[in-house]
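Read through the structure below, which is laid out as structure tokens, and then see the notes.
The figures here come from the full heavy-atom set of this structure, side chains too, leaving out hydrogens, waters and symmetry mates. Just so you know, these numbers come straight off a predicted model, no measurement behind them.
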Amino acid sequence: MDHYFAIRVELHGELHDGEKYKRLHHALESLGFSRFVTSTDGVRYQLPPAEYVYTIPGATEQTVADAAKRTADSINPSTVMVHTAIRWTGRGLKPAA
């Protein structure tokens with residue numbers, strides 16, 4: 001069964017270091033993590049900063065957390081939280097450009 005995961009990654013001590021977050025975004029995107037979600041009516045929205053989604057066959061919360069943590073820690077020590085999502089809703093999300 002495929003799972004839809006929501007991921008939050010925070011780089012320790014670097015909350016305003018845009019360059020490290022750009023590196024993080026690029027590294028995670030290369031693994032299939034996305035900073036965007038698509039609504040049921042087809043509108044694509046950008047997630048809040050340091051939030052990602054991930055879907056891959058056979059993945060578990062543990063494998064996703066391990067991949068995100070390993071990738072983030074290669075840039076800077078980090079904190080990672082992963083949870084399985086069935087549905088989502090948002091308020092104030094910006095449509096993707």
Side-chain angles (χ1 to χ4, degrees):
M1 175 184 207
D2 293 354
H3 291 287
Y4 173 81
F5 299 97
I7 303 99
R8 167 92 178 144
V9 180
E10 182 177 304
L11 300 177
H12 294 179
E14 303 294 333
L15 296 178
H16 301 290
D17 189 334
E19 189 56 42
K20 286 188 179 179
Y21 273 100
K22 283 181 189 177
R23 289 175 44 212
L24 175 66
H25 299 328
H26 179 73
L28 288 175
E29 287 170 356
S30 73
L31 296 176
F33 290 72
S34 177
R35 296 173 57 212
F36 301 93
V37 291
T38 303
S39 67
T40 55
D41 61 358
V43 178
R44 191 169 182 242
Y45 292 97
Q46 184 169 352
L47 292 169
E51 298 275 343
Y52 302 86
V53 293
Y54 187 73
T55 303
I56 192 164
T60 65
E61 291 88 348
Q62 292 79 16
T63 59
V64 173
D66 289 346
K69 178 77 168 143
R70 184 174 43 255
T71 302
D73 282 351
S74 73
I75 296 166
N76 202 83
S78 66
T79 299
V80 172
M81 182 175 173
V82 174
H83 59 93
T84 304
I86 296 170
R87 291 182 211 75
W88 68 271
T89 189
R91 301 292 184 269
L93 297 176
K94 296 178 183 178

Tell me whether Ile75 shares a hydrophobic cluster with Leu31, the cluster being built from Ile, Leu, Val, Met, Phe, Trp, Tyr side chains joined at under 4.5 Å. yes
Side chain to side chain, Thr84 and Tyr4, heavy atoms closer than 4.5 Å: no
If you take all heavy atoms of Gln46 and Phe36, which pair is closest and at what distance? CA-CD2, 3.6 Å
About how many Å separate NZ of Lys22 and NE2 of His25, when rounded to the nearest 0.5 Å? 9.5 Å
If every non-hydrogen atom of Val9 is compared with every non-hydrogen atom of Ser78, which pair is closest and at what distance? CG1-CB, 4.5 Å
Any side-chain heavy atom of Trp88 within less than 4.5 Å of one from Leu47? no
If we check side chain to side chain contact (heavy atoms under 4.5 Å, CB included) with Lys69, which of these qualifies: Val80, Thr79, Val82? Val80
Might you point out which heavy atoms bring Ala27 and Thr71 nearest each other, and give the distance in Å? CB-CG2, 3.5 Å
Which atoms form the tightest heavy-atom contact between Tyr54 and Ile7, and what is the distance? CB-CD1, 3.7 Å
Do you know the tightest heavy-atom contact between Ala68 and Leu28? CA-CD2, 4.0 Å
CD/Glu51 to OG/Ser34 distance, rounded to the nearest 0.5 angstrom? 12.0 Å
Heavy atoms of Ala59 and Ile56 approach each other most closely as CB-CG2, 3.1 Å
Does Lys20 reach the side chain of Arg23, with side-chain heavy atoms less than 4.5 Å apart? yes
Using the rule that two of Ile, Leu, Val, Met, Phe, Trp, Tyr join whenever any of their side-chain heavy atoms come within less than 4.5 Å, decide whether Met81 and Val53 are in one cluster. no
Donor-acceptor check, side chain of His12 to backbone of Asn76, threshold 3.5 angstrom: yes or no? no
Phe33 vs Tyr52 aromatic rings, parallel, tilted or perpendicular, using cut-offs 30° and 60°? perpendicular
Under 4.5 Å between any side-chain heavy atoms of His83 and Glu61, yes or no? no
